[in-house]
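Contents: one structure, followed by commentary.
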Amino acid sequence: MKISNFLQSLLFSAIALLLVSSCGSVENSGSQGSSTSQFAVVVHGGAGYIKNLPPEVEKRYEEGLQNALNRAYAVLEQGGSAVAAVEAAIRYMEDDSIFNAGRGSVLTNKGGVEMDASIMDGKTLNAGAVARVKHIKNPISAARLVMDSCRHVFLVGDGAEEFALEYGLQLMPEEYFILEKRKKQLKRIHSKQASLQKDWDVLRKYGTVGCVAMDKNGNLAAGTSTGGMMNKRYGRVGDSPIIGAGTYADNQTCAVSATGTGENFIRTAAAFRVSALMQYLNKPLDEALRLSIEKMESTGGDGGFIGIDKNGHISWYFNTEGMFRGYKTSSGEQKIEMYHPDYYKK
Ligand code: ASP
């Protein structure tokens, strides 16, 4: 009797151990945490079919992510706000044409650029967003301007551009944003010649950029900026400028920025869902990210999140082959990664 009790409890412990470790490996397969720090910044440069990239491409992305992290980190180190850090990182990535935001944005089916961006302050729940802008050099700064200086949250098209101009933001001719490589990619797509080998970065990659940060005062902020999806129907707006879909920040929970099939992030209120899972169901950030991505995935989409919680815990989660991502913290930790450790889509 005693022996069978013992065996039974041994069996239970073995099962419990198995369950715990398989949960652990699920977490590790898509997300990455770090220890708590005084201030920290996390960036992403899009998710999707990111697999076995040529070394020179890897290097370009690494440099881009590192420079963006350094910009934001410098702001935080000098005591700047999380909002200012997020803006600094994203401005850098908008100017770096390797990313699909600002210069280098993907093109609409009509061959133009229509850029979207948003930013949110976790301390006040203030937010600003712009969509369908075609000339603003740094859409993230326009989003910040809307947040700081406008009684509205979301401005689109000409109205957003006029507003930006009134406040002295830099506008550029459309040619500045439209790169030759993008024109070629669109042509190949329209002539149905595009292949995953040659056009991996437009067919299955979403190169949106995003940043989340916590400053020395413990305030959180999030921002996202994008050219959208290649060959999108002109007039289409994705999740990136939509507060609660692609961007969300609340000091009570977390700050998150998304990348992926925007329509699915909108339909599942994906960014707000992360915060709600934490606030109302007490889920930790890692789990909240995973649950939100799973919900989004159940509607047929793919992509990922970066996030930071109110204690400075960093996490990310994505269901694609890769996501350009990295973080840097005041405790001296930093990391830049691209590939999924063990996930490959069929
Ligand atoms: N989420 C973006 C959009 O749908 C695309 C991306 O993340 O690259 O516009």
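Every number for a ligand or one of its atoms is a count from 1 in the order of the listing.
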What about N100: any of its N or O atoms under 3.5 Å from an N or O on ligand 1? no
Quick one: look at A258 and ligand 1, take heavy-atom pairs under 4.0 Å, and tell me if it's side chain, backbone, both or neither. neither
If you compare M229, E114, R236, M323 by their heavy atoms, the one closest to atom 9 (O) of ligand 1 turns out to be R236
Show which atoms of ligand 1 fall inside a sub-4.0 Å distance from at least one heavy-atom site of T259. 6 (C), 7 (O), 8 (O)
Using a strict cut-off of 4.0 Å, indicate which atoms of ligand 1 neighbour a heavy atom of S240. 1 (N), 2 (C)
Are any of the N/O atoms on T208, whether in the backbone or the side chain, positioned under 3.5 angstrom from an N/O atom of ligand 1? yes
If you measure only the distance, is there a donor-acceptor pair under 3.5 Å linking the side chains of S141 and E87? yes
Has T226 got a side-chain atom pairing as donor or acceptor with D116's backbone, closer than 3.5 angstrom? no
Assert yes or no for the condition that the ring centre distance of F265 to F305 is strictly below 6.0 Å. yes
Measure from the ring center of F324 to the ring center of H44 and say whether it is less than 6.0 Å. no
Establish, from distance only, whether the side-chain atoms of E321 and H340 form a donor-acceptor pair under 3.5 Å. no
Looking at non-hydrogen atoms alone, which of G238, G260, G228 comes nearest to atom 2 (C) of ligand 1? G260
How are the rings of F99 and Y61 set relative to one another: parallel (under 30°), tilted (30 to 60°) or perpendicular (over 60°)? perpendicular
Please determine whether any non-hydrogen atom of G207 lies less than 4.0 Å from an atom of ligand 1. yes
Check: R233 main-chain N/O paired with N109 side-chain donor or acceptor under 3.5 Å: no
Any N or O of D239 that comes nearer than 3.5 Å to an N or O of ligand 1? yes
